[in-house]
Each structure stands twice: as C-alpha cells, then as structure tokens.
Amino acid sequence: MNKTWWKEAVVYQIYPRSFMDSNGDGIGDIRGITSKLDYLKELGIDVIWLSPVYKSPNDDNGYDISDYRGIMDEFGTMQDFDEMLAEAHNRGIKIMMDLVVNHSSDEHPWFMEARKSKDNPCRDYYIWRPAKEDGSLPNNWGACFGGSVWEYDETTDEYYLHLFSGKQPDLNWENPRLRREVYDLMTFWLEKGVDGFRMDVINFISKVDGLPDGENKGGHTFGDGSPYYLNGPKIHDYLQEMNREVLSKFDIITVGEMPGVNAEQAKSYTGMNRNELNMVFHFEHVSLGDGKFGKWSPGEWKLTELKKIFSRWQYGLKEDGWNSLYWSNHDQPRAVSRFGNDQRDYREVSAKMLATCLHMHQGTPYIYQGEEIGMTNVRFDSISDYCDIETLNAYRDLAEEGKLSKEEMMEAIHQRSRDNARTPVQWSADPNGGFSSGTPWISVNPNYPEINAERVVSEPNSIFHYYKKLIQLRKEHEIIVYGSYDILMEEDEQIYAFTRTMGSQKLLVVCNFSGHKPVFELSEAISYSSKDLLISNYDVNGEEDIQNITLRPYEARVYNLK
C-alpha cells in the first residue's frame with residue numbers, strides 16, 4: 001500500500017466561533033486558537049481542520065462567504081491568521097482550510113454584480129432561471145434548510161438557485177471563468193502555507209442539464225432534487241481539473257464532504273490513479289435511525305447496521321482509495337450522546353470505547369473539538385436558545401405547521417441539532433467554561449463544572465489522556481494505519497469486534513456498545529502464541545484468557561497478537 005503522511009495523521013476539527021474567545025466579545029477567534037496550540041500539541045494531533053474563517057455575513061455561520069481572501073472581522077485579521085499558521089507549523093501541526101465553493105454568500109461581489117443585469121459579466125457565475133410559463137417556480141426542488149431552492153430576484157425578473165439558504169446562491173461550475181476564480185483563490189491560500197482543504201458539499205457542484213423536477217415523496221411540500229445534483233455528470237471532470245490546476249502542485253491533504261456517496265463511488269473520488277481527492281466524508285453511519293422526517297424523527301439504530309456500514313467502507317476501499325473516520329463534527333450531535341452513553345455512570349467509559357473503535361479502523365481519524373474531553377449534547381429548554389439556521393427552519397416547517405408536536409420536535413432537537421456540537425468548548429470550571437469573559441454567542445452546556453479540559457488534562461486516566469495514548473499508538477504501530485480489516489461476530493448486537501492484519505502481526509479489537517455484560521468468544525481460526533494488551537478502558541488482568549471474555553459495560557480492549 002502506498003504510504004503517505006496524511007494516512008498516518010490524526011486530524012482535529014476546530015469550529016472557531018465556539019473554540020476559544022481571546023477578547024471577551026463572546027465569539028471564538030483566531031487568537032483564541034493560537035492560545036490553545038500547546039494543548040493540541042500535548043494531545044498529539046497532526047492537522048487542524050479549520051471551519052471557515054473567511055469574511056461572511058454569517059447566515060450559516062461562515063459557510064456563506066463574501067470574501068474568500070479576507071478574514072471575518074469577528075475572528076480577527078489576516079495578521080492573526082498568519083501568526084496562528086506560523087505558530088502551528090512551529091509545533092509540527094498542519095492547517096487544513098475549509099473550502100466552500102458549491103455556493104457563495106449573496107453579499108459576495110460576484111453575486112452583487114450578477115444580479116444587476118442579465119448581461120453582467122458575473123451573471124453566469126450563478127444559476128438563473130425564469131419562472132415556468134404558468135408563473136410557477138423553475139422546478140419543485142426543496143432546499144436543504146427548508147423551503148424552495150429558488151429565490152426570486154426582482155431586478156432581472158428571474159430566480160437563482162440555492163441548495164441551502166437563500167443567502168447562499170449556488171455557483172455555476174459550468175462556467176470556466178468561475179472555475180478559474182476558484183482555482184486562483186485555492187492557490188492564494190496554498191501559497192500562504194496552508195496544508196490542504198476540506199471541501200464543503202463538493203459533490204454538489206455538478207448539476208444535471210435542465211434541472212428536472214424531483215420525485216415528490218409523501219408528506220413533503222417539495223420534490224427531492226438530490227438525484228440531479230449529487231455526484232453529477234461532470235463532477236469527476238471538475239475535480240480532475242482542480243487537481244491538475246492546483247492540488248497536484250502541493251503536498252497537501254484533501255477531503256471532500258460528500259452526502260449521498262457510497263463506498264463504490266468513493267473509489268472513483270479517492271483511487272490512487274484518479275487524481276482527484278485523498279478521501280471523502282460519507283454520511284451513512286450518521287444517518288442511522290433517521291425516520292419519516294429524516295433526523296427530525298429519530299428512531300432506534302442497531303449495532304449490526306453500524307457494523308455493516310463501517311465494514312462496507314473498510315472492505316470497499318482496502319485496495320484503492322482511503323477512508324476518513326469520524327463520529328461527529330460541527331453538523332452532527334456529540335459522539336458520546338449519539339453512539340455511546342452520556343449518563344454520568346457511563347460517559348467516560350463509553351467515550352473511550354468509541355474512540356478505541358474508531359481509531360482502530362483503517363483510515364484517517366478526525367476528532368471534533370471537545371470530543372477528547374467527553375463533551376455531551378445540550379438540552380436547552382426553549383427553541384429561542386438555539387442559533388442554527390437548519391434547526392430553526394425545521395422547527396418552523398415541522399412543529400409550527402403541525403407535522404410534529406412541539407414536544408416531539410424539541411426531543412429531536414435535543415438529540416440531533418447541529419447546535420449540540422456548537423456550544424463552546426468547556427476549558428475550565430470558570431464562568432462560561434473558561435471560553436469567554438463576555439457573554440457567549442450561544443450558551444455553554446451547563447455541565448461544564450464537571451466536564452472541562454482543565455480537569456481532564458490533570459487526571460491521568462481521563463478521556464483526554466486516553467485519546468493521547470491512542471494517537472501515540474498510531475505513531476508506534478504501523479499496523480494501526482496500514483493493516484487490513486476483518487470483522488468478527490458480524491451478527492452480534494452488542495459487541496463490535498474486528499482484527500487488523502499486517503504480515504505476521506495481528507491486532508484484536510473488541511468493543512462493547514452496550515450497558516450489559518456480553519461474552520466475547522474468540523474464533524478458533526485466530527491463532528497466536530503471545531498476546532500484549534495495547535490499550536483498554538478498564539483495568540485488565542494481563543494473564544486473562546482471551547478465548548472467552550465477559551465484557552463490562554462499554555468495555556474496549558485492543559490486543560497485539562503474535
């Protein structure tokens with residue numbers, strides 16, 4: 001297998017608004033990040049993925065960009081950015097920027113020009129359509145944040161396409177001038193010294209000609225346009241051109257966020273000879289339990305389903321391509337609340353189990369800020385406590401129109417809202433969790449006196465030190481990066497067990513996803529003459545027989561078998 005630094009790296013995602021506030025205005029900023037680089041160095045991560053810091057009106061918290069070469073005023077200055085980049089590099093930490101080029105802000109100069117007239121030179125940077133002959137919308141697609149994808153513009157009597165908010169008009173990748181603009185802004189950042197890009201919904205950039213109506217599924221006001229913009233007809237042409245023009249000229253890390261991509265398609269994006277991207281983020285596991293209204297009607301999920309998804313990706317990309325591994329990010333609920341158990345008795349042990357399971361798969365692991373201290377979902381009492389545009393729009397569309405009761409909707413929000421991930425990082429037991437001396441832009445989770453970084457850094461058996469050990473093991477044992485994966489006990493609903501194999505070396509990974517005490521039985525096909533316990537989240541007797549292990553609730557163990 002081809003060996004590269006980004007396969008061996010561990011990435012840590014920072015959502016700047018909620019990470020650390022250096023000036024007391026209640027908003028995290030770039031100087032705040034710089035002040036915590038030593039903390040990240042101690043954790044042992046290799047790359048920071050920085051959610052957008054560009055100039056933005058913040059309709060969607062920075063994913064609506066008005067200037068791709070400027071820094072958001074609330075976050076600081078370009079000088080602050082350059083200093084952070086230099087300080088990170090001094091500590092051996094790389095910076096991966098967020099690239100948001102499926103859409104811009106409607107306050108970007110390109111769009112402000114485009115809406116002036118139909119013959120403006122920037123008009124074709126965006127996707128415009130007149131109404132249908134009967135005066136209805138150009139098509140029936142629904143936007144990802146609710147409502148129609150079409151926004152009427154009075155000046156030119158046409159509609160523009162926005163797959164997300166009305167303030168996020170989609171860019172027209174059919175236009176070679178627009179693509180050149182994108183490649184130029186990417187080159188600007190890479191020449192500044194950044195080390196790669198995470199690309200926001202990058203598989204949305206190619207739309208099917210004619211933008212046909214989508215299927216209208218029961219109960220929905222709008223049609224499903226996703227078959228006409230997910231993994232569209234020219235997506236590989238665009239990514240290969242981007243690679244040729246920009247990416248191939250730098251030694252960088254690239255990951256594409258790709259809703260609706262499967263393992264087979266991922267090979268065509270990440271295969272070694274494809275000359276596109278290093279890896280993709282898929283959404284199959286984070287969609288587990290989605291119901292009639294997607295994540296807003298969450299149901300139970302089964303461990304067998306999770307194992308099938310992970311295994312499909314592990315086997316699918318084992319020869320060619322590469323996996324990105326994650327439980328949570330700025331768009332997902334907190335990992336320990338979603339996949340573990342965030343109740344007091346089990347929060348720490350289940351957070352360690354989830355970390356073990358993820359980091360022992362083949363792929364590049366991503367840690368979301370606060371995951372390493374076991375931060376949990378938040379249960380705000382009122383919808384007015386929430387800030388996320390997706391959450392607020394869903395509440396309006398589902399609860400206020402009576403499709404779900406307000407109680408059902410609030411329960412769904414407590415489980416799955418993006419704001420679960422966006423409450424400020426809990427640095428200490430000081431007011432506001434030590435995040436800010438001012439009033440935070442969104443409230444801090446009230447459990448910060450118990451769950452905070454200062455506390456876990458000082459406790460040798462904490463979640464933080466467990467993550468630190470996992471990251472260290474990855475650097476010491478090549479098999480964790482490059483070994484092949486094989487699942488065990490496929491049909492078990494409590495235990496997720498698998499092996500990693502490289503030459504004569506084998507790792508055995510056993511994770512109990514339940515609060516019960518199931519028995520793990522080692523397959524007779526696995527032979528070994530000696531065993532070495534690499535890591536576990538409970539005290540383990542090293543002499544214990546591993547043919548039959550009665551696991552404790554949320555127990556995880558990794559053995560090196562020889």
Side-chain angles (χ1 to χ4, degrees), residues 12-43 45 48-58 60-62 70-88 90-91 93 95 98 330 334 367-382 384-388 417-459 462-464:
Y12 184 96
Q13 184 191 355
I14 288 180
Y15 191 72
R17 179 167 292 271
S18 301
F19 190 65
M20 181 64 197
D21 172 21
S22 71
N23 62 2
D25 66 356
I27 295 168
D29 48 42
I30 290 171
R31 287 189 165 188
I33 296 169
T34 307
S35 74
K36 295 296 182 183
L37 289 173
D38 285 339
Y39 167 86
L40 296 177
K41 175 72 176 166
E42 183 181 347
L43 183 60
I45 57 105
I48 291 169
W49 153 24
L50 197 60
S51 283
V53 293
Y54 316 96
K55 281 198 188 300
S56 167
N58 275 315
D60 183 23
N61 276 357
I71 298 293
M72 195 188 300
D73 294 341
E74 294 169 319
F75 288 169
T77 64
M78 189 61 86
Q79 189 178 343
D80 293 335
F81 180 89
D82 291 340
E83 184 184 328
M84 179 199 67
L85 184 63
E87 290 294 333
N90 287 344
R91 290 164 177 78
I93 296 172
I95 300 286
D98 216 316
H330 65 291
R334 286 282 172 187
I367 300 168
Y368 179 66
Q369 63 183 40
E371 199 176 296
E372 77 285 1
I373 65 173
M375 281 179 65
T376 67
N377 280 359
V378 69
R379 295 181 75 86
F380 292 138
D381 295 330
S382 164
S384 62
D385 294 322
Y386 288 86
C387 299
D388 170 39
S417 168
R418 302 195 301 181
D419 277 342
N420 284 305
R422 298 177 182 186
T423 60
V425 172
Q426 296 156 212
W427 291 106
S428 68
D430 295 337
N432 300 322
F435 162 72
S436 175
S437 59
T439 304
W441 70 277
I442 187 172
S443 298
V444 179
N445 192 318
N447 62 19
Y448 71 83
E450 182 189 349
I451 301 171
N452 61 71
E454 190 172 71
R455 182 171 179 173
V456 293
V457 170
S458 69
E459 294 174 353
S462 68
I463 300 170
F464 177 89

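Atoms considered below: every heavy atom in the structure, side chains included; atoms not considered: hydrogens, waters and symmetry mates.
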>> My understanding is that only residues two or more places apart in sequence, or in another chain, count here; which of them pass side-chain hydrogen bond (donor to acceptor under 3.5 Å, both in side chains) with Asp98?
In response: Trp49, Tyr63, Arg198

> Just by distance, do the side chain of Asp419 and the backbone of Asp388 share a donor-acceptor pair under 3.5 Å?
Replying inline: yes

> Can you tell if the side chain of Val53 reaches within under 4.5 Å of the side chain of Met72, non-hydrogen atoms only?
Replying inline: no

> Can you name the one residue among Arg418, Arg422, Gln13 that meets side chain to side chain donor-acceptor pair (under 3.5 Å) with His330?
Replying inline: Gln13

> Counting N and O atoms only, with roles assigned by atom type, does the side chain of Ser462 sit under 3.5 Å from a partner on the main chain of Glu459, one being a donor and the other an acceptor?
Replying inline: yes

>> Tell me whether Arg455 contacts the main-chain N or O of Ile451 through its side chain, where contact means a donor paired with an acceptor under 3.5 Å.
In response: no

> Among Phe435, Trp427, Tyr39, which residue meets the ring-ring contact (aromatic ring centres under 6.0 Å, His included) test with Phe19?
Replying inline: Trp427

>> Applying side chain to side chain contact (heavy atoms under 4.5 Å, CB included), can you list everything that pairs with Asp82, at least two apart in sequence or on another chain?
In response: Met78, Lys192

> With no hydrogens and no angle check, is any side-chain donor or acceptor of Asn445 less than 3.5 Å from a backbone partner on Thr376?
Replying inline: yes

>> Which heavy atom of Glu74 sits nearest to which heavy atom of Asp25, and what is that distance?
In response: O-OD2, 4.2 Å

>> Show me the pairs that pass salt bridge (Lys or Arg N to Asp or Glu O under 4.0 Å) and involve residues 430-453, at least two apart or across chains.
In response: Arg344-Glu450

> What residues, two or more places apart in sequence or in another chain, satisfy side-chain hydrogen bond (donor to acceptor under 3.5 Å, both in side chains) together with Tyr12?
Replying inline: Glu372

>> For a 4.5 angstrom cut-off between non-hydrogen side-chain atoms, does Val444 reach Thr423?
In response: no

> For Asn432, what residues pass the side-chain hydrogen bond (donor to acceptor under 3.5 Å, both in side chains) criterion, not counting sequence neighbours?
Replying inline: none

>> Between Lys55 (side chain only) and Gly70 (backbone N and O only), is there a donor and an acceptor less than 3.5 Å apart?
In response: no

> Got a donor-acceptor contact below 3.5 angstrom from the Asn377 side chain to the Asn420 backbone?
Replying inline: no

>> Can you list everything that forms a side-chain hydrogen bond (donor to acceptor under 3.5 Å, both in side chains) with Ser22? Sequence neighbours excluded, please.
In response: Asp29

> Do you know the tightest heavy-atom contact between Gly24 and Ser437?
Replying inline: CA-OG, 3.4 Å

